[in-house]
Peer 1: 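Quick one: this structure, given as structure tokens, is what I'll be asking you about.
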Amino acid sequence: MKPGKRIYLCAMAALAILSAPCTTDAKVGDPDLLSKSLVFNLGDNGSKYYRIPAVVTLPDGTLVAVADKRIDSNADLPGRIDVVCRTSNDRGATWNPVVTVAEHDENGGYGDPALVLDRKTGDIVCIATHGEGLWTATPGKSARIVVMRSKDKGQTWSEPLDITDQFFTTTGEADKPVKGVTGFASSGRALQLSDGRLMFVDVVRTNPQPGWSQLSTYAIYSDDGGYTWTSSGVPSSTDGDESKVEELSDGRILMSIRNRKRGPRLFSFSSDRGDTWTPAVEQPELVDPACNGDLMAIERDGKRILLQSICADPTERRNVTIYASFDDGKTWPVSKTVCPEPSAYSALTQLDDGTIGIFIEESAADGDGFRLWFSRLNLDDLLSQK
């Protein structure tokens with residue numbers, strides 16, 4: 001490469017970083033931010049846009065991050081959307097080349113990925129939605145839920161396994177517990193219970209008329225490492241949206257549900273491994289503008305702490321903040337703003353050194369699309385913030 005060209009490329013890369021909001025690193029701005037790196041940028045690998053972050057930490061410290069590669073537009077499914085992956089071996093300082101997890105085909109794109117590590121096998125399980133969009137689907141043309149897995153730390157992925165018919169029907173068959181027009185898997189973190197059960201939340205549209213309407217949220221679970229899935233068919237809410245589940249200190253499961261009308265998140269609890277759920281009630285301390293967030297439990301000094309990331313704003317997608325609860329979600333006395341600027345979906349993970357990683361959609365400088373950044377924070381500093 002000619003010296004002049006090298007200087008030009010370096011200058012352009014620096015300009016791209018400086019033009020994006022929330023790009024401060026540990027040396028500038030927030031002293032609690034240990035590091036920050038750009039994982040997916042507008043235009044990368046021939047794609048106009050990227051969205052929908054998910055991330056998981058492997059036992060050896062490897063970070064595996066996935067997202068939607070939205071090739072033509074920033075719109076949801078249907079469309080030319082691939083699920084893509086990058087890994088990091090240095091706690092998010094640098095990222096390895098992009099690997100395709102699932103590539104769009106004649107039936108539509110793949111999107112809204114969720115990740116979970118199966119601690120029994122070491123497999124990474126990626127759950128995604130294929131084909132039709134939530135609001136465009138009809139009773140005869142619904143979206144499909146698929147599972148991909150990696151046995152080599154995210155370097156390669158299996159072909160998508162369609163699991164939809166294991167638990168979902170559009171025709172009211174008695175042997176399928178979840179009934180509706182279509183559904184999609186909530187993106188971000190999926191869950192593995194302490195007994196090994198895997199779980200994610202399926203968001204289901206029951207109104208046969210295309211367009212915005214009420215949605216029901218169902219826990220979908222697997223007891224064989226993600227090959228077969230089922231549900232009790234009991235929704236946690238009949239008026240919710242994207243949801244996350246986490247195991248509490250007493251063995252109950254908390255489902256944190258996006259409020260589709262904006263406002264406080266909705267909480268529902270299960271005491272029987274996800275079979276039945278309490279009526280969803282508002283959590284007044286966690287208010288967001290109807291946006292997806294993430295929920296994660298960590299252990300510190302023998303105590304279980306819940307972390308919830310949301311856009312901490314009642315009306316606008318901005319101000320991604322991490323909240324902490326020390327009493328299984330009853331109260332959330334501690335919070336830390338990570339990106340005060342326009343921003344949207346976020347995903348949480350705890351790294352092998354105990355620090356907290358957050359993978360965020362941060363708005364581009366011109367507001368057209370998102371850059372997906374990974375930030376790392378010191379846990380003590382995070383929990384000391386009021």
Side-chain angles (χ1 to χ4, degrees), residues 54 56 114-117 119 127 185-204 215-223 231-260 263-288 290-300 302-312 321-335 345-350 356 358 382-383:
V56 68
L115 286 179
V116 63
L117 172 68
R119 296 186 301 270
I127 304 140
S186 295
S187 64
R189 294 184 72 252
L191 172 66
Q192 185 170 43
L193 300 179
S194 55
D195 63 9
R197 171 172 281 187
L198 303 181
M199 184 178 295
F200 70 92
V201 179
D202 193 32
V203 182
V204 175
L215 302 170
S216 297
T217 51
Y218 293 87
I220 312 298
Y221 42 82
S222 172
D223 292 319
S231 171
S232 69
V234 177
S236 58
S237 171
T238 56
D239 194 17
D241 207 323
E242 292 155 317
S243 306
K244 302 299 169 60
V245 281
E246 185 54 89
E247 192 169 16
L248 303 180
S249 60
D250 59 4
R252 290 178 302 148
I253 304 169
L254 164 63
M255 187 182 294
S256 176
I257 305 166
R258 168 179 164 178
N259 189 331
R260 58 191 286 274
R265 292 189 71 83
L266 306 174
F267 277 12
S268 178
F269 298 86
S270 175
S271 299
D272 51 14
R273 304 173 72 230
D275 284 344
T276 61
W277 295 86
T278 63
V281 296
E282 292 184 348
Q283 169 44 261
E285 293 180 83
L286 300 178
V287 176
D288 71 28
C291 190
N292 197 5
D294 217 355
L295 179 67
M296 177 178 70
I298 61 171
E299 301 291 334
R300 183 173 182 265
K303 297 181 179 180
R304 197 164 181 83
I305 301 172
L306 291 180
L307 301 179
Q308 170 85 62
S309 63
I310 57 172
C311 293
T321 297
I322 301 175
Y323 288 83
S325 173
F326 306 90
D327 54 10
D328 283 339
K330 295 177 183 177
T331 62
W332 299 81
V334 171
S335 65
Y345 287 24
S346 56
L348 294 166
T349 191
Q350 186 170 30
I356 300 301
I358 184 167
L382 170 65
L383 296 180

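Residues take their numbers from the sequence shown, with the count starting at 1.
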Peer 1: Quick one: does Gln308's side chain have a donor or acceptor within less than 3.5 Å of a partner on Leu286's backbone?
Peer 2: no
Peer 1: Measure from the side-chain N and O atoms of Glu242 to the backbone N and O of Ile257, and report whether any donor-acceptor pair falls under 3.5 Å.
Peer 2: no
Peer 1: Can you name the side chain to side chain contact (heavy atoms under 4.5 Å, CB included) partners of Val56, sequence neighbours left out?
Peer 2: Leu58, Val64, Leu115, Leu117, Ile124
Peer 1: Which pairs with one or both residues in residues 323-332 pass salt bridge (Lys or Arg N to Asp or Glu O under 4.0 Å), sequence neighbours excluded?
Peer 2: none
Peer 1: Could you tell me which residues satisfy side chain to side chain donor-acceptor pair (under 3.5 Å) with Tyr221, sequence neighbours excluded, listed by chain and number?
Peer 2: Asp275
Peer 1: When you compare the side chains of Asp202 and Ser231, does any donor N or O come within less than 3.5 Å of an acceptor on the partner?
Peer 2: no
Peer 1: Salt bridge or not for Asp250 and Arg252, using N-O below 4.0 Å?
Peer 2: yes
Peer 1: Any carboxylate oxygen within less than 4.0 angstrom of a Lys/Arg side-chain nitrogen, looking at Arg260 and Asp241?
Peer 2: no
Peer 1: So which atom in Pro235 and which in Ser216 form the shortest heavy-atom distance, rounded to 0.1 Å?
Peer 2: CB-CB, 4.3 Å
Peer 1: Under the rule for side chain to side chain donor-acceptor pair (under 3.5 Å), what residues qualify as partners of Asp288, not counting sequence neighbours?
Peer 2: Arg265
Peer 1: Going through the distances and angles, do Ser309 and Ser346 end up as a side chain to side chain donor-acceptor pair (under 3.5 Å)?
Peer 2: CA-CA 7 Å; Ser309 63; Ser346 56; 2.8 Å; yes
Peer 1: Between Val201, Leu254, Thr217, Leu295, which is the residue that forms a side chain to side chain contact (heavy atoms under 4.5 Å, CB included) with Val245?
Peer 2: Val201
Peer 1: Excluding sequence neighbours, so at least two apart, what forms side chain to side chain contact (heavy atoms under 4.5 Å, CB included) with Ala219?
Peer 2: Met199, Met255, Trp277
Peer 1: Using atom types as modelled and distance alone, determine if a side-chain donor or acceptor of Arg300 lies under 3.5 Å from a backbone N or O of Ile305.
Peer 2: no
Peer 1: Taking side chain to side chain contact (heavy atoms under 4.5 Å, CB included) as the definition, give me every residue that meets it alongside Ala297, ordered by chain and number, with sequence neighbours left out.
Peer 2: Glu246, Arg304, Leu306
Peer 1: Give me the atom names and distance for the closest heavy-atom approach of Ile253 to Gly274.
Peer 2: CD1-N, 3.7 Å
